[in-house]
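Worksheet: one structure, shown below.
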Amino acid sequence: MHDIQFNKAHHEMIGYPFTLTPPSSSEDSPQSFNMHSPNHYILPQPYIISATPQYEMSMTSMYNSEMKPPYLTIVEQPIDKFRFRYKSEMAGTHGSLTGINSDKTRKQTYPTVKLNNFFERDAIIRCSLYQNGSSDDRQPHAHRLIMKHGHEERDDPHDLLVTKDNGYEASFHSMGIIHTAKKHIVGELKRKKTLLKLEEVARLDKIKRNLSIKEEVEIGTSADEECKSINLNIVCLRFDAFRRENDILYPICKPIYSHAINNLKSALTGELKIVRMDHSSSPAKGNREIFMLVEKVTKKNIKIRFFELDEEENEMWSEYGKFNDLDVHHQYAIVFRTPPYKDLNIDEQKKVFIELERPSDGSRSEPREFTYIPSSQNYKTGMKRPRTSMYSSSEYSSSSLNSAEIPTTLEALQNGCEVTSADLHAALENIDSDEFRKIFYENYTEFNGLQTDCGRGLSKRAPNTEEDKDRIIVDRVVEEYQDFMKSKPKNDQILHMLQSLFTKYVNDAKENALHIVASEGNLKMLRYFLNIISIHKLYTILNLRNSNMETIAHLALQQSNVDVITTILKYQCDLSAKDINGNTPLHVAIIRNQSNIVIDTLLRSPYGTDLFINAENNDNFTALHMAIKMNKVKYVDLLYKYGVNVNLIDKKTGRNSLHIAIAEQATEIVKLLLEKTTIDILKEDFSGRSPLNMAKHLTQDKEPERIQIYNMIEKALKDRGIHTECVIKEEIESEEEMEVEMVECKFEKLAIDELETMYKNATSFTSLCLEKVSRILDVSQNWLPLADLLDLKHFVHTNMIAHSKSKSRELLQIAVKVTDLWTIRNFLDNLGESEAVTLIDNMVTSTKMET
DNA sequence: CGAAGCTTCCC
DNA sequence: CGGGAAGCTTC
């Protein structure tokens, strides 16, 4: 079946019609020779831009001038990533080259082409492996495109016969790509070029002949040249259509090429993938260091791209992460710094994406979600803070001190008196220094119009402790409020006064009187303040933040007095408020290990839990994630009862709550998640591992606890009726269980689709089966109509069949070469040869079992 | 010599 | 059968 091909010169001479290659048609197009499925798609009209006289001449004998010339289209492209295997690896059967629309679990497809506008009886469609490129004179590739025919494997080119019956469509099954070793590249190129040259000269001379020395030398030098530039990690398929005359193949039309097929195993063309990150968020100003694990990359050929999409999915912004060659560790990890967001003064979190990009071919990884976080002074607090005090936030320096902002009081100090920057610097470095305190308090009191001798016996001396300072603030608020009320103010004056009291008097941590009593757990004062706020309905004060962005709810949940906590929770605090770490009060409660009653109170919010129960903190953990990491079953149960979403993933690793529970070996939580919730047991994390897979992996140390976890998951899968045959087969290693699976398979009535898939792996008869089927057909004489159906009637009259003892056997042997077993099987079915069909079915399914 | 690339091997 | 990795070679 080795036929010849034309080279560039001939190519130009014939002048092929321009061919259109429409996008590969939809999934429902027929993918193989199948008599029973009609063709649904609409043929594109060829668009002829040139037709040389010679071409016209050769065609007029076949077509009248009205007819359009034939052309090839790709019905199904091959997959674009495939592992090229070395010869030494071909011992077992590995995956075959499937179609781009192939679905692992459902229907397999294969590279398929169609010869259009062709009305003769048959043609030969050839598939061979070529170097990828854009020019019209592409050269054969040094790798081998092999096709499995039973146990033997054949090299390309692969020629299939197409006829009216199969819609002039050829589908190439069971192909693999063998990676030719470096040292054999030249030899392989020469071999292929020689075969093509032989075909070419035969076509020109109309007779086969050997190559001249000159021709051989030319092949040798071009092969030597090419091996220097050949890309061993990218190939493509070339399809030709031929008409056979006197055992010489003549092209019917211009060949077409598939898109590129990349070697999945190579760092140059392999799939880019972010496997894990230690953070999935960054301050808006960027420069956060992130450790990222990736699939194999080349350090000189990789970038980390950040981008943002608007609602219509248009890219609004993009920027690259910062790193150099030395930050790429062994091709599998990158340590980089985040770029600044386009707007440094965002007042809310921004969802963006992060992905890998390979400059050499422009390919990109699947993007992962990433969050930019506003700096705390820009955070939306739900209310505008009145700027009645002497210092306004606009004066805050944007110094390099990030979270530890310069306290407002210090700022005032700097503005209000003569302090050298060196003094200030020293003060900042040693905020506890006595000298600093002295300077601070002298100015502080003066600034706020307070008399140092007022208050509670702190007169004349600077307060020594934080508590002293806090005391002053609380007392001032109480005093000023009471004094003010004596003056019988109007309502709006009171509101203004209160606002002022709770924003003007703050300590180093920007904590107002309410913050102070809440964190102290001073129930009496807390009730007093809350009562005032409640009477005047000034609820915004409840949500004021300190310098850590904490509200009173955050502060309350950090300490242990349950009465304080429940008192605060009775008021309408904003429970979705996030502190500087992105934690909501719920996060804080869980981290601080509050009692179940506290958590329950928190979740029983009259406004519902929607706004905060699933909120993520800056480490991209939800409250549920935290609860699981702390192995608190009770918390998980409570969160579940209040409607938490168990399927939210940790954006750094892609793990859902079950993954996390398994990793923490939190058996009880695993049990709860499996029994009560709709947790996704098969969800794959960024490294492609499902909880099931993860649990299985961890059982290898034979620890009973882990085995128990695995068993629970397995049972849950069965209970849910998920028959993920492939998954389960992978997971189960024990021999007996494997056998059970097999037996079940055998007794199962195979669906026709599944049967067809199995047929694709079988390409020839076993001798036993061939013998039996032949005998049946010899008796029934049905081999004759079979030959008719297969369009092989002409073979019947050849000597080979006419003089054979078993005509059926000869026919079947030819048939299996020009078409496939599945077609033959279906024709036999049509002819009512059920016994023969069963025999072939059994042969195909049992071969499958053996492998 | 170490890192990356190439080939073989293994479950 | 897909994935991982060991053991060579090359730079």
Side-chain angles (χ1 to χ4, degrees), chain A residues 79-98 102-105 108 110 142-144 146-148 151 153 173-188 227-228 230-235 261-273 275-276 293-302 324-335 358 360 682 684-690 692-694 696-697 699-700 724-735 737-738 741-742 745 757-758 760-763 847-851:
Chain A
I79 44 171
D80 53 353
K81 310 232 164 173
F82 187 70
R83 175 164 168 181
F84 302 178
R85 290 206 176 250
Y86 286 88
K87 181 125 190 56
S88 61
E89 289 187 286
M90 296 307 291
T93 46
H94 294 285
S96 68
L97 188 64
T98 56
S102 213
D103 188 313
K104 276 170 210 151
T105 47
Q108 293 272 11
Y110 296 92
H143 292 341
R144 295 159 56 202
I146 55 112
M147 190 182 264
K148 287 262 159 90
H151 292 297
E153 56 193 34
H173 299 188
S174 326
M175 296 194 301
I177 297 170
I178 294 188
H179 192 301
T180 302
K182 278 259 165 89
K183 55 186 172 192
H184 297 133
I185 297 286
V186 181
E188 197 62 31
C227 77
K228 290 171 198 152
I230 192 166
N231 186 336
L232 295 176
N233 288 307
I234 305 175
V235 300
I261 303 171
N262 296 289
N263 186 3
L264 200 52
K265 205 63 192 273
S266 155
L268 288 161
T269 53
E271 205 164 4
L272 294 173
K273 195 172 175 192
V275 174
R276 190 166 175 164
L293 306 191
V294 296
E295 290 297 350
K296 203 169 193 175
V297 295
T298 316
K299 65 184 169 192
K300 300 212 182 286
N301 190 18
I302 193 71
N324 59 39
D325 286 9
L326 300 174
D327 295 321
V328 179
H329 177 78
H330 288 245
Q331 307 183 286
Y332 291 101
I334 306 172
V335 180
R358 183 165 49 215
S360 67
L682 300 175
E684 287 186 1
D685 70 5
F686 292 166
S687 67
R689 240 176 242 297
S690 67
L692 178 68
N693 188 298
M694 190 171 175
K696 173 69 191 167
H697 216 79
T699 55
Q700 282 166 5
T724 46
E725 204 182 299
C726 49
V727 179
I728 293 186
K729 256 187 195 166
E730 261 173 41
E731 308 303 332
I732 295 169
E733 270 176 17
S734 110
E735 296 289 312
E737 283 180 281
M738 202 64 146
E741 287 287 326
M742 293 302 195
C745 275
T757 312
M758 295 185 90
K760 286 173 185 170
N761 296 316
T763 46
T847 349
K848 179 73 185 172
M849 285 296 127
E850 280 159 25
T851 54

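Here is how names work: the chains are called A, B, and so on, in the same order as the sequence lines, proteins then strands, and each is numbered from 1.
In this structure, A:Lys87 NZ and A:Glu89 CD are separated by 11.5 Å, a value rounded to the nearest 0.5 Å.
Taking 3.5 Å as the limit, the base of C:dG3 and the side chain of A:Arg83 contain a donor-acceptor pair of atoms between them.
In this structure, A:His143 and A:Phe84 have perpendicular ring planes: the angle between them is above 60°, well past the 30° mark.
In this structure, A:Glu295 places its CD atom 16 Å from P of B:dA4, rounding to the nearest Å. One can place NZ of A:Lys296 at 7 Å from P of B:dG5, the figure rounded to the nearest angstrom. We find that NZ of A:Lys183 is positioned 10 Å from P of C:dT10, with the value rounded to whole Å. Remark: P of C:dG2 and CG of A:Asn263 are 14 Å apart, rounded to the nearest angstrom. For A:Gln331 and C:dA5, the CD to C1' distance is 14 Å, given to the nearest whole Å. Rounded to whole angstrom, the span from the CD atom of A:Glu89 across to the P atom of B:dC11 amounts to 15 Å. If you take CD1 of A:Ile302 and P of B:dA4, they are 13 Å apart, rounded to a whole angstrom. Atom NZ in A:Lys299 sits about 7 Å away from atom C1' in B:dA3, given to the nearest Å.
A side-chain N or O of A:Gln108 and one of A:Ser102 form a donor-acceptor pair less than 3.5 Å apart.
Considering only side-chain N and O atoms, A:Lys182 lies nowhere under 4.0 angstrom from the phosphate OP1 or OP2 of B:dT7.
Here the nucleotide nearest the side chain of A:His330, chosen from B:dA3, B:dT7, B:dT8, is B:dA3. Comparing B:dT7, B:dG5, C:dA5 by their closest approach to the side chain of A:Ala181 singles out B:dT7. Minimum atom distance to the side chain of A:Arg85 is reached by C:dG2, of the listed B:dT7, B:dG5, C:dG2. Distance from the side chain of A:Lys265 is smallest to C:dA5 among C:dA5, B:dC6, B:dC9.
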Inset, instruction - Assess whether side chain to side chain contact (heavy atoms under 4.5 Å, CB included) is satisfied between A:Val294 and A:Val275, documenting all intermediate values. - result: CA-CA 5 Å; A:Val294 296; A:Val275 174; 5.6 Å; no
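A:Leu232 is listed as a side-chain neighbour of A:Ile185, based on a closest heavy-atom distance under 4.5 Å.
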